[in-house]
2 protein chains.
Amino acid sequence: MADQNQELRKAGLKVTLPRVKILQMLEASEQRHLSAEEVYKQLMEADEDVGLATVYRVLTQFEAAGLVVRHNFDGGHSVFELERGDHHDHMVCVESGQVVEFHNEEIEALQEAIAEKHGFELTGHSLVLYVKPKA
Amino acid sequence: MADQNQELRKAGLKVTLPRVKILQMLEASEQRHLSAEEVYKQLMEADEDVGLATVYRVLTQFEAAGLVVRHNFDGGHSVFELERGDHHDHMVCVESGQVVEFHNEEIEALQEAIAEKHGFELTGHSLVLYVKPKA
DNA sequence: CTAATTGCAAAAGCTTTGCAGCGCA
DNA sequence: TGCGCTGCAAAGCTTTTGCAATTAG
């Protein structure tokens, strides 16, 4: 818990109840990928009185601070994931919504090479595989 | 032009003015990637009287019919691109917004392999490289 | 004490939908 | 002629913002 306060302070954010609660939620949640709405609902269930607007604001701040990564999977809403320092991409099952993480160095390297070849510098990427259970 | 009517009919869509106009727009546009709003604006400029709702409906139908591909780049809105049968991914310049297409067989193959390895079948993917001009 | 932060409600942006009228086949 | 299609306006969703009250340092 002190760690969290550290992280918040390091990010230049005041240690407030909503921020701590949200950070705890992200760390404790079974699902590593949560939408703002899901974070909000879980806070409500835990009887934490935090407004949805605050959830959005805090998640956006966390993103800017690098504590959290935002993904835009198909479906019109963002999902947030705690930054654990291990870069990875995602596989989303189109039937169950299940999210699987993976990392592949070859792909990473190829991306760099492709950007390079076109005269660009890679600043980021988004790779999502849409999959379904093997027949 | 007859080709377009063919395509529409083949997709089970009546050949109507708005649909033909939108299809022409997509074929004629310099930008291969257009948002619904952009399609709408260009239609207005061409003095074509088509409602924005219709643009959305038609693009969605085109997508279902496989005439068009929808992309969700960062930024909360979709962009549409005419399906030309050549699968490719995208590189978006974070400074200029410029979109560059590319295709890489190795990456495609790796994606298949990864999905496979996790017990899934690949149904689609989204790969976007965010880049900036090389320093 | 002072500036940052929060909650609420309202607003914004993109997209979809209901419905009456119009147009293609 | 008949059903599909369109336009308009209204509604829906996620996300953002204004503002007064609250809280951290």
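Just so it is clear: chains get the letters A, B, ... in the order the sequence lines come, proteins before strands, and each one is counted from 1.
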Same hydrophobic cluster for B/Val69 and B/Leu129, using side-chain heavy-atom links shorter than 4.5 Å among ILVMFWY?
->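 No, because B/Val69 and B/Leu129 fall into different hydrophobic clusters, even though each may have its own neighbours under 4.5 Å.
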Nearest-Å distance, [atom1] ([X]) to [atom2] ([N])?
X	N	atom1	atom2	value
B/Leu23	D/dC5	CG	P	15 Å
B/Leu52	D/dA9	CG	C1'	12 Å
B/Ile22	D/dC5	CD1	P	13 Å
A/Leu59	D/dT14	CG	P	15 Å
B/Asn72	D/dT15	CG	P	13 Å
A/Arg9	D/dG25	CZ	C1'	10 Å
B/Leu8	D/dT6	CG	P	10 Å
A/Asn5	D/dG25	CG	C1'	13 Å

Nucleotide nearest A/Lys14 (side chain, heavy atoms from C-beta), chosen from D/dT15, D/dG2, D/dA24 |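 When the side chain of A/Lys14 is considered, D/dA24 is the closest of D/dT15, D/dG2, D/dA24.
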Hey, can you pull the residues of residues 25-42 of chain A with a non-hydrogen atom under 4.0 angstrom from DNA chain C?
->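 Output list: empty, so none.
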Just so I know, are the side chains of [X] and [Y] near enough to count as touching, which here means a heavy-atom distance under 4.5 Å?
X	Y	value
A/Asp89	A/Glu108	yes
B/Phe62	B/Glu83	no
A/Gln24	A/Glu48	no
B/Val131	A/His118	no

If you count the non-hydrogen atoms of other residues, nucleotides and ligands that lie under 6.0 Å from CD in A/Glu106, is the total more than 12?
->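 It does not: A/Glu106 CD has 12 such atoms or fewer within range.
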NZ (A/Lys134) with more than 12 external heavy atoms under 6.0 Å |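 It does: A/Lys134 NZ has more than 12 such atoms within range.
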Mapping B/Thr60 and A/Leu13 onto DNA chain C by nearest heavy atom, which one lands closer to the 5' end?
->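 In this pair, the answer is A/Leu13.
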So which one's nearest nucleotide on DNA chain C is more toward 5', A/Leu17 or B/Thr54?
->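 Counting from the 5' end, the first nearest nucleotide belongs to A/Leu17.
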N or O in side chain of A/Tyr56 less than 4.0 angstrom from D/dT16 OP1/OP2 |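 The answer is no; no side-chain N or O of A/Tyr56 sits under 4.0 Å from OP1 or OP2.
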Between A/Arg57 and D/dT17, is there a side-chain N or O to OP1/OP2 distance below 4.0 Å?
->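 False: A/Arg57 side-chain N/O out of range (4.0 Å or more) of D/dT17 OP1/OP2.
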Using 30° and 60° as the class limits, which term best fits the ring planes of A/His33 and A/Phe73: parallel, tilted or perpendicular?
->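 Tilted: the ring planes of A/His33 and A/Phe73 meet at 30° to 60°.
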Would you check if there is a donor-acceptor pair between the side chains of B/Glu105 and B/His103 at a distance under 3.5 Å?
->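 Looking only at side-chain atoms, B/Glu105 and B/His103 do form a donor-acceptor pair, the distance falling under 3.5 Å.
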Leading and trailing nucleotides of DNA chain C with any atom under 4.0 Å from heavy atoms of chain B =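 Contacts span C/dC14 to C/dA25, reading 5' to 3'.
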